[in-house]
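Quick note: residue numbers are just sequence positions, from 1.
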Amino acid sequence: MSTSVELNNLTHRPEVHPESNYDVPEHDGLNNHTHLPGAYPEPTSPTARTKHDNLHLEDVGGSSTQGSGSASIVPDKRWKQSLEHPDKIELREQDCPEVLGFAFPALKKWRIIAVIFAVQVSMNFNAGIYGNAIPGLQEEFGLSAQAARVGQAVFLICYAFGCELWAPWSEELGRKPILQWSLAFVNLWQIPCAVAPNYGTIIIARILGGFSSAGGSVTLGMVADLWGPDEQHSGLNFVVLSSVGGSVVGPIVGAFAQDNLSWHWIFWLQLIFGGAVQALHFFLVPETRSSVLVDREAKRRRKAGEPNVYGPGELKPKLTFKEIIRTWVRPFDMFINEPIVLCLSLLSGFADALIFTFISSYGIVYARWGFGTIDVGLAFIALLVGYLLAYFSMFYVFSRAVKLRRNHPQRITPEHRLWWLLWTVYLLPAGLFGFAWSCRGPEYNHWIVPMIFSVVIAIANFTIYMTTIDYMTAAYGPYAASATGGNGFARDFLAGIAVMYSTPLYTNVGSYPNNVAWATMILAFISICVSVPVYVFYWKGPQIRAASKFAQKIANAREENEGRIATLGNKAEAGHLENADPQV
């Protein structure tokens, strides 16, 4: 399961980012509003920046001029808005840095992230625990096991689309209301599932629940609201752990429910968990979206006697239907047309699909050792152990990157973020090969052996997800959210497909006792194919990115702006630079 990434903010703090080799100019030329003098002086050069100028780099939403007054790259729609309201003073983020998420105390930031951790776990818990309802659904509605799995598959597939559908609204309206609405709808659709008079009701409710799940489009965006790109790794690492961990917490808890309660409780448990985290989110998590916080500060100042002060969100045009569609389509465009996004998303999606393959096949495998329902559920602890080992390993990677950035900044490229994956991606096929020939039964080895290889697979899954997000963010800069959106979509979508093929694969390929071995071998050989591009991108990534239409746009912007990337609008205003060149 993934947290489909809305990471436009991951690169949006305007310090010079040593990996991207470009700075983000102030947006003095973006519009014609008067700017408030704030806590920071106006820049006298393109490199005079404030660390709190929380500009959004996902997609291009306007023009940019350097502080010295160079020509803009792209006409800005807000220019017309400025001429219509010349008497309004725009409050910018550097005018009120104290109200932004970056200025929150460390304890408050981690309180927010702790709640977001629980929220993300609950969303992925909803996908993982469904498998424990399958026997009860079969008995209640006279279904085959394969038909009963459809409810899990459609939830995951719709979850893949839901994350992308919610993303622009969290940027326009704020993180908190969108996440509250998402949680409310997800919780609402648990009720018809729990009291369903027929299986069709469950399918419809699961489809709606999947579309209602905001996932990482909001949660990872909140990490970017609180930390800059060189500080956010710990928060990002923590939220990634919640995403992958939630998928396996579900079958652990679900095993006890399946063994002691009716199938209805599988859905009531989802509602109880979801309701609890929604309440925690409502009372403990404030708004973190910078543009919303600036708008609120502007309104407060107007009430305090500064009548002409307005926030950027109040002065820019509202989202149009065309802009919304453009925002939704771009992740799929990059997924299809960008080799880096396509290959790494398929790798990440395949790794996540393996977890749902295990959810469906663990019962078949461990029945050979006489495992009961609860025993099979507890077997998923091995995956949690792997995730925790990978989680802690990333801290070494982060410290190594900091030292490299400090001592050899000229060597920093986006590809250096793939370094740890060079060592861990091969764990995926290695773990699968080992699992294949250790899961044949007690006649061959102890049950702990396939669990050890499950740990190895989990380490690979975590590092693949974390590292591919990190690399795409650095490689695509302003298009990071769309690139990582394709990654998240692949993880959820392929996981949904895996639910349907897992049991037939493990029961119909070969004969006992080698049927489970040959089924896993097929997955192992596929994993080799999807792992190879990691090494290609590490060594040839700069040349591949040079051929990218998105990279070419960034390069052209740098050239026109004397080597500095244009100030970019937020994702909700995406597509203006792309539309500037209709030939691309």
Side-chain angles (χ1 to χ4, degrees), residues 1 121-159 185-213 245-277 353 355-367 371-380 383 492 495-504 506-507:
M1 201 62 185
V121 168
S122 76
M123 289 185 176
N124 292 5
F125 176 88
N126 294 340
I129 195 174
Y130 179 92
N132 297 102
I134 289 175
L137 294 176
Q138 287 182 260
E139 182 179 353
E140 180 82 11
F141 301 116
L143 304 170
S144 67
Q146 195 69 353
R149 292 187 187 95
V150 171
Q152 188 174 29
V154 296
F155 179 85
L156 284 162
I157 292 170
C158 293
Y159 190 115
F185 279 121
V186 169
N187 292 334
L188 174 66
W189 300 124
Q190 304 297 351
I191 298 173
C193 287
V195 300
N198 53 63
Y199 187 53
T201 301
I202 293 177
I203 294 296
I204 296 300
R206 293 291 286 181
I207 290 172
L208 295 172
F211 280 125
S212 299
S213 300
S247 299
V248 298
V249 169
I252 295 173
V253 175
F256 290 91
Q258 178 184 341
D259 206 48
N260 296 285
L261 301 168
S262 71
W263 65 266
H264 306 80
W265 276 96
I266 298 298
F267 300 103
W268 289 127
L269 287 173
Q270 294 176 59
L271 177 60
I272 292 169
F273 191 7
V277 299
I355 304 307
F356 285 87
T357 301
F358 286 164
I359 289 175
S360 298
S361 64
Y362 261 25
I364 299 171
V365 170
Y366 288 107
F371 278 30
T373 300
I374 293 178
D375 299 323
V376 172
L378 293 176
F380 285 91
L383 295 174
D492 299 327
I497 295 175
V499 168
M500 299 307 298
Y501 69 65
S502 299
T503 299
Y506 273 80
T507 54

When rounded to the nearest 0.5 angstrom, what distance separates [atom1] in [X] from [atom2] in [Y]?
X	Y	atom1	atom2	value
Asn198	Ile204	CG	CD1	10.0 Å
Leu378	Thr373	CG	OG1	11.0 Å
Ser144	Leu137	OG	CG	11.5 Å
Thr507	Ile364	OG1	CD1	5.5 Å
Leu208	Cys193	CG	SG	9.0 Å
Ile252	Ser247	CD1	OG	11.0 Å

Which heavy atom of [X] sits nearest to which heavy atom of [Y], and what is that distance?
X	Y	answer
Ile134	Ala145	CG2-O, 4.2 Å
Ile129	Gly254	CG1-CA, 3.6 Å
Val277	Gly274	CG2-O, 3.2 Å
Gln258	Pro135	NE2-CG, 3.5 Å
Gly496	Ala153	O-CB, 3.4 Å

Name all residues meeting the side-chain hydrogen bond (donor to acceptor under 3.5 Å, both in side chains) criterion together with [X]; count only those two or more places apart in sequence or in a different chain, and write none if there are none.
X	answer
Ser212	Trp189
Asn260	none
Gln146	Arg149
Ser262	His264

Can you sort out the partners of [X] under ring pair (Phe, Tyr, Trp, His ring centres under 6.0 Å), two or more places apart, ordered by chain and number?
X	value
Phe185	Trp181
Tyr199	none
Phe141	Trp263
Phe125	Phe273

I'd like to check the side chain to side chain contact (heavy atoms under 4.5 Å, CB included) partners of [X]; sequence neighbours left out, ordered by chain and number.
X	value
Leu271	Asn187, Gln190, Ile191, Trp268
Leu261	Ala257, Trp265
Ile157	Phe161, Phe493
Gln152	Tyr130, Leu156, Phe356, Ile359, Val499

If you define the side chain from C-beta out and look only at heavy atoms, does anything of [X] sit under 4.5 Å from [Y]?
X	Y	result
Val150	Met500	yes
Asp375	Tyr366	no
Asn132	Pro251	yes

- Any sub-3.5 Å donor-acceptor pair from Thr357's side-chain atoms to Ala353's backbone N or O?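 Yes, the answer is positive, given that a donor and an acceptor are paired below the 3.5 Å cut-off.
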
- Item | Backbone of Ile266 reached by a side-chain donor or acceptor of Gln270 within 3.5 Å | yes

- Decide side chain to side chain contact (heavy atoms under 4.5 Å, CB included) for Asn126 and Phe155; before the verdict, give the C-alpha distance in whole Å, the side-chain angles of both, and the deciding distance to 0.1 Å. CA-CA 9 Å; Asn126 294 340; Phe155 179 85; 3.9 Å; yes

